[in-house]
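Residue numbers start at 1 and run along the sequence shown.
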Amino acid sequence: MTSAPRWVEAINKALSHPDNKGKIIYQVATVDASNTPHARSQVHRAFMNPEGRPELPLLVTSTDVRTPKVAQLRANQRVELAWWMEGSQDQFRLSGFAHIYPSPVAPGDACRATPIPEEASGLKALESTGFDWEAKRLEIFNKMSPGMRASWCVPHAPGSKLESYEEQKKWPQEVPLEPQNDEDKKNLETAKSNFALMLIEPVAVDWVELGIQPNRRTVFTRDGEKWTEQLAIP
């Protein structure tokens with residue numbers, strides 16, 4: 001019987017540390033067409049795995065389909081994320097593949113999901129079993145606060161030029177799931193259209209424990225669908 005790799009338990013244990021409350025932000029790096037790296041912070045939403053396949057864990061996060069990272073991931077699905085847990089002094093670096101599933105009604109090419117590489121066994125397993133990507137996307141969207149949903153309702157792509165901060169005061173501040181008027185309904189549809197599900201499938205994990213002496217470091221590597229562990233110098 002297969003089980004989840006030990007690094008999943010390590011992350012969950014670190015997250016449960018009282019001094020790590022709210023430490024659900026990690027930095028995700030992609031590369032563009034000129035091989036220039038780009039890093040940004042993203043919110044960890046959950047872990048999941050293909051049904052009956054705990055050895056293929058995936059991290060669930062989200063993004064705006066208009067961000068540059070989406071185009072970057074269409075060309076190159078490799079990513080690395082760094083996750084620092086200050087309270088327990090744990091650092092996790094996860095390297096693998098990312099997949100973005102956008103709204104099927106997003107405009108133009110934005111409605112196309114990013115490719116899934118053959119090496120991404122977990123994502124391929126979801127694809128082959130008819131996983132309902134749209135249901136998962138909406139599940140994550142519906143869990144957002146009204147204020148967070150409003151961030152997907154901004155009229156321009158993140159990173160676009162802004163003439164004045166005064167302009168932002170005209171944008172929706174909250175997007176409720178139950179619209180009270182036509183404006184709410186329009187904003188909800190806009191936010192849903194821009195909201196994209198993002199899954200990350202690690203194939204290598206580097207865990208450094210700085211909260212104990214002597215410090216420890218363990219490198220987890222997936223070979224096919226099996227995980228190996230190797231101690232390393234911190």
Side-chain angles (χ1 to χ4, degrees), residues 28-34 36 38-46 48-51 56 58-79 81 96-162 171-172 174-179 182-201:
V28 181
T30 55
V31 294
D32 64 19
S34 63
T36 301
H38 299 269
R40 78 286 291 165
S41 298
Q42 294 191 217
V43 178
H44 176 68
R45 304 295 179 188
M48 64 171 289
N49 54 264
E51 187 174 357
L56 299 174
L58 305 166
L59 285 76
V60 181
T61 183
S62 56
T63 191
D64 189 312
V65 75
R66 300 169 295 176
T67 61
K69 80 165 77 68
V70 177
Q72 293 160 14
L73 287 171
R74 290 194 196 284
N76 186 340
Q77 294 81 51
R78 292 304 301 249
V79 297
L81 70 84
F97 304 97
H99 177 62
I100 291 180
Y101 179 84
S103 166
V105 297
D109 287 344
C111 66
R112 292 190 299 111
T114 58
I116 298 177
E118 289 299 325
E119 307 97 309
S121 303
L123 293 168
K124 280 292 186 184
L126 289 179
E127 185 179 51
S128 66
T129 56
F131 179 70
D132 193 338
W133 303 95
E134 178 64 359
K136 189 66 178 180
R137 188 184 74 90
L138 293 177
E139 174 193 326
I140 300 301
F141 178 82
N142 291 341
K143 288 180 179 179
M144 304 284 176
S145 67
M148 180 61 74
R149 282 193 292 271
S151 67
W152 278 277
C153 202
V154 173
H156 309 292
S160 300
K161 290 183 180 180
L162 186 67
W171 302 343
E174 293 191 345
V175 175
L177 280 180
E178 298 182 4
D182 289 344
E183 186 68 16
D184 281 352
K185 184 177 180 180
K186 173 188 168 186
N187 291 338
L188 180 61
E189 292 308 309
T190 298
K192 279 184 181 179
S193 176
N194 291 328
F195 181 85
L197 175 69
M198 182 171 173
L199 300 183
I200 298 174
E201 177 175 350

What I'd like to find out is whether the side chain of [X] reaches to under 4.5 Å of the side chain of [Y], using heavy atoms alone.
X: L126; Y: L58; answer: yes
X: V31; Y: R78; answer: no
X: M144; Y: S151; answer: no
X: T129; Y: E51; answer: no
X: D64; Y: V154; answer: no

For [X], what residues pass the side chain to side chain donor-acceptor pair (under 3.5 Å) criterion, not counting sequence neighbours?
X: S145; result: none
X: H156; result: none
X: T114; result: H99
X: S121; result: none

My understanding is that only residues two or more places apart in sequence, or in another chain, count here; which of them pass side chain to side chain contact (heavy atoms under 4.5 Å, CB included) with [X]?
X: A157; result: R66, S160
X: V79; result: V28, T30, L73, A98, I200
X: R112; result: R74, D109
X: S128; result: none

**Asked** Among pairs that include at least one residue of residues 182-196, which meet side chain to side chain donor-acceptor pair (under 3.5 Å), considering only residues two or more places apart or in two chains?
**Response**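 Non-adjacent pairs meeting side chain to side chain donor-acceptor pair (under 3.5 Å): zero.
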
**Item:** Single hit among H44, R45, Q42 for side-chain hydrogen bond (donor to acceptor under 3.5 Å, both in side chains) with T61
**Value:** Q42

**Prompt:** If you look only at pairs with a residue in residues 132-157, which of them pass as a salt bridge (charged side-chain N to carboxylate O under 4.0 Å, His left out), with sequence neighbours excluded?
**Reply:**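 Counting only pairs at least two positions apart or across chains, the salt bridge (charged side-chain N to carboxylate O under 4.0 Å, His left out) contacts touching residues 132-157 are E134-R137, K136-E139, E139-K143.
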
**Item:** Listed partners of K124 passing salt bridge (charged side-chain N to carboxylate O under 4.0 Å, His left out), at least two apart
**Value:**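 Checked K124 against salt bridge (charged side-chain N to carboxylate O under 4.0 Å, His left out); matches are E118, E127.
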
**Asked** By ring pair (Phe, Tyr, Trp, His ring centres under 6.0 Å), which residues pair with F195, not counting sequence neighbours?
**Response**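 F195 satisfies ring pair (Phe, Tyr, Trp, His ring centres under 6.0 Å) with F141, W152 once adjacent residues are dropped.
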
